[in-house]
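Written below as structure tokens is the structure these notes are about.
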Amino acid sequence: GFTDNTIIVVFGASGDLAKKKTYPALFGLYRNGYLPKDVHIIGYARTKMDEEEYHKRTTSYIKNPNNDPEVAAKIEEFKKLSSYVSGNYDDNPSFQNLARHMEAIEKGYKTRGVNRLFYLALPPSVFVPVAQHVKVCCYATNGTNRIIVEKPFGKDLQSCRELLSSLKQSWQEEETYRIDHYLGKEMVKNLLVLRFANVAMGAAWDKHSISSVQISFKEPFGTEGRGGYFDEFGIIRDILQNHLLQVLSILTMERPVSFASEDIRDEKVKVLRSIPPIKREDVLLGQYVGANGKPGYLDDDTVPKGSVCPTFAATTLWINNERWEGVPFILKAGKALNEAKVEIRVQFKDVTSGIFKDISRNELVIRIQPSEAVYLKLNTKTPGYAFRAIPTEMDLTYKRRFTDTNIPEAYEALILDAIKGDHSNFVRDDELDVAWKIFTPILHWIDGREGPRPKPSPYPYGSRGPKELDSFIEKLGYKRGTGEDYSWPTTNVS
Ligand code: BG6
């Protein structure tokens, strides 16, 4: 097949991302039989270590909680198809050595043509030199070459453009795969099917029916240990500008001409171009403080004293097109909150007044994680003699409906796409450009480039966020359930 003769090189093989995400994903694909036949994985990093140490590190996050012998055997097989090369990130001899290592493996191929996939699990400071050296020393002339890169893609519009154009000096857009791992998540991919394969959904999908949309990301832990990185970026660059905006674009784009990757990405860019830069009054910032024995953001030794870096942000975006004019899209994300949850909450408008009093609005909730689900809150007659409406839900919880299905990890899905050459779930250059246009003005304000830096509102570790959050959302017309007290039945969540 066209993916035979594949070598995957993981740069930054001894780093955190490789250990926690890349290798476990490669193993998941291998275990389920999705890696190409005779694939070979090469780890590359500066650290000098022998193969045993390399294997120990790269398999340390691969889970086998019950010591299943079958999984253990697969791990041993997986180690056999992986080797390690150490070298620098900025000199030709190191990369020539890597090239020789690849060529030695490729000598054994029975068919012609090679596929080389270069995965840059690296900090931004070495992105560009590695990409350039790989191009000069390791680029296959008899096959395909692909490069996978990860955020951060700059810190604002200008630095992003600079980074992209440096990378473009050596790599074509068709060879480049920019990861936003939210695009690999099952429920994010499902948006295309939910929206475009259901007339019932499509019919109500606009400003006439929808009152507001919230896309929220909640994590129950702080930035412990990662404070140095985080403080330079903040929650908006870490989550909103990429992960949540990607979800927003798929949720709101027009129907693509086809599911070909460029057709999808064209539509995403179009809708993003209809979003003006976020205004200051549409922003709420927060920073967590110590509570219940948990440390505050500023208690982390890796965080600069007195930092005003936001660890929580809510922003309202407006889409200036016929479908969405006037509908607020609230993107909100926070660290050290009360729960782990990522969801999309679409709230519909009130029913025509007159016959019902105190009736709840419909809401469509797409829960991305944990426990993937789609549910629609709707009103029904109380069963029995009384004629009264009560809120209830139509519930598609994956665990219950698709009991035996294995949902792949985001990174598994994305690496497989890159091996196959499918760009649909990767971020195109122009997408990134408009994403930064939307966020750059408020980021410059928050960074203090236009005067004093805004102070984030404090919220206790483990809380729902800053106390201003409810009024921020309610002023946009969001209504909590009225009438009967509605709560998601806890027995539904397994
Ligand atoms: C990363 C952020 O991109 O996404 C992290 O840098 C965040 O801060 C992570 O924790 C969340 O990913 P997931 O898949 O756990 O929701």
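It should be emphasised that the depicted structure is a prediction, and the values quoted were computed from it without experimental measurement. Heavy-atom basis, side chains included; hydrogens, waters and symmetry copies ignored.
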Under the rule for side chain to side chain contact (heavy atoms under 4.5 Å, CB included), what residues qualify as partners of [X], not counting sequence neighbours?
X	value
P328	S212, T316, W318, L476
V308	R453, K455, P456
Q158	D156, E162
S261	D422, H423, S424

Less than 4.5 Å apart, side chain to side chain, heavy atoms only: is that true for [X] and [Y]?
X	Y	result
I415	L29	yes
I278	I442	yes
K332	L284	no
Y297	Y461	no
V10	Y44	no
N379	I390	no
R428	D266	yes
V269	D433	no

[atom1] of [X]: more than 12 outside heavy atoms within 6.0 angstrom?
X	atom1	result
D68	CG	yes
K207	NZ	yes
K475	NZ	yes
K357	NZ	no
E224	CD	yes
R195	CZ	yes

Pairing of [X] and [Y] as salt bridge, 4.0 angstrom limit:
X	Y	result
K270	E267	yes
K21	D16	no
K168	D429	yes
D470	R464	yes
D395	R401	no
E232	K155	yes

Side chains of [X] and [Y], donor plus acceptor under 3.5 Å:
X	Y	value
Q214	Q347	no
K151	Q241	no
Y229	D238	yes
E186	Y398	no

- Task: Carefully, step by step, assess Y182 and F217 under the rule side-chain contact (heavy atoms from CB on, under 4.5 Å).
- Result: CA-CA 11 Å; Y182 267 60; F217 169 102; 3.3 Å; yes

- Please say which of V427, L167, N242, I148 ends up in a side-chain contact (heavy atoms from CB on, under 4.5 Å) with R178. V427

- Message: With side-chain contact (heavy atoms from CB on, under 4.5 Å) as the criterion, how do L157 and R161 come out once you've worked through the C-alpha distance, each side chain's angles and the decisive distance to 0.1 Å?
- Response: CA-CA 6 Å; L157 182 61; R161 284 183 175 169; 3.8 Å; yes

Quick check against the 3.5 Å criterion: does [X] have a side-chain atom that pairs as donor or acceptor with the backbone of [Y]?
X	Y	result
W205	L251	yes
R345	R367	no
D263	F259	no
N321	R323	yes

- Task: Not counting sequence neighbours, which residues clear side-chain hydrogen bond (donor to acceptor under 3.5 Å, both in side chains) with K218? List them please.
- Result: N338, E339

- Item | Test side-chain contact (heavy atoms from CB on, under 4.5 Å) applied to W436 and R237, step by step | CA-CA 9 Å; W436 278 119; R237 292 185 181 94; 4.0 Å; yes

Which atoms form the tightest heavy-atom contact between [X] and [Y], and what is the distance?
X	Y	answer
I179	Y119	CD1-OH, 3.7 Å
N362	L378	ND2-CA, 3.3 Å
A204	S209	O-CB, 3.2 Å

- Note on the structure: One should read off an interatomic distance between K437 NZ and I275 CD1, to the nearest 0.5 angstrom, of 13.0 Å

- Geometric cation-pi criterion, K335 with Y288: 6.0 Å, 45°: no

- Query: Picking from K349, E363, R361, what satisfies side chain to side chain donor-acceptor pair (under 3.5 Å) with S211?
  - Reply: R361

- side-chain contact (heavy atoms from CB on, under 4.5 Å) assessment of F11 paired with F118: CA-CA 7 Å; F11 292 96; F118 302 100; 3.8 Å; yes

- Worked check of side chain to side chain donor-acceptor pair (under 3.5 Å) between K185 and Q369: CA-CA 9 Å; K185 292 193 187 261; Q369 64 193 40; 2.6 Å; yes

- Item | Pairs involving residues 303-312, ordered by first then second residue, that meet side-chain hydrogen bond (donor to acceptor under 3.5 Å, both in side chains) (sequence neighbours left out) | D231-S307, T311-Y459

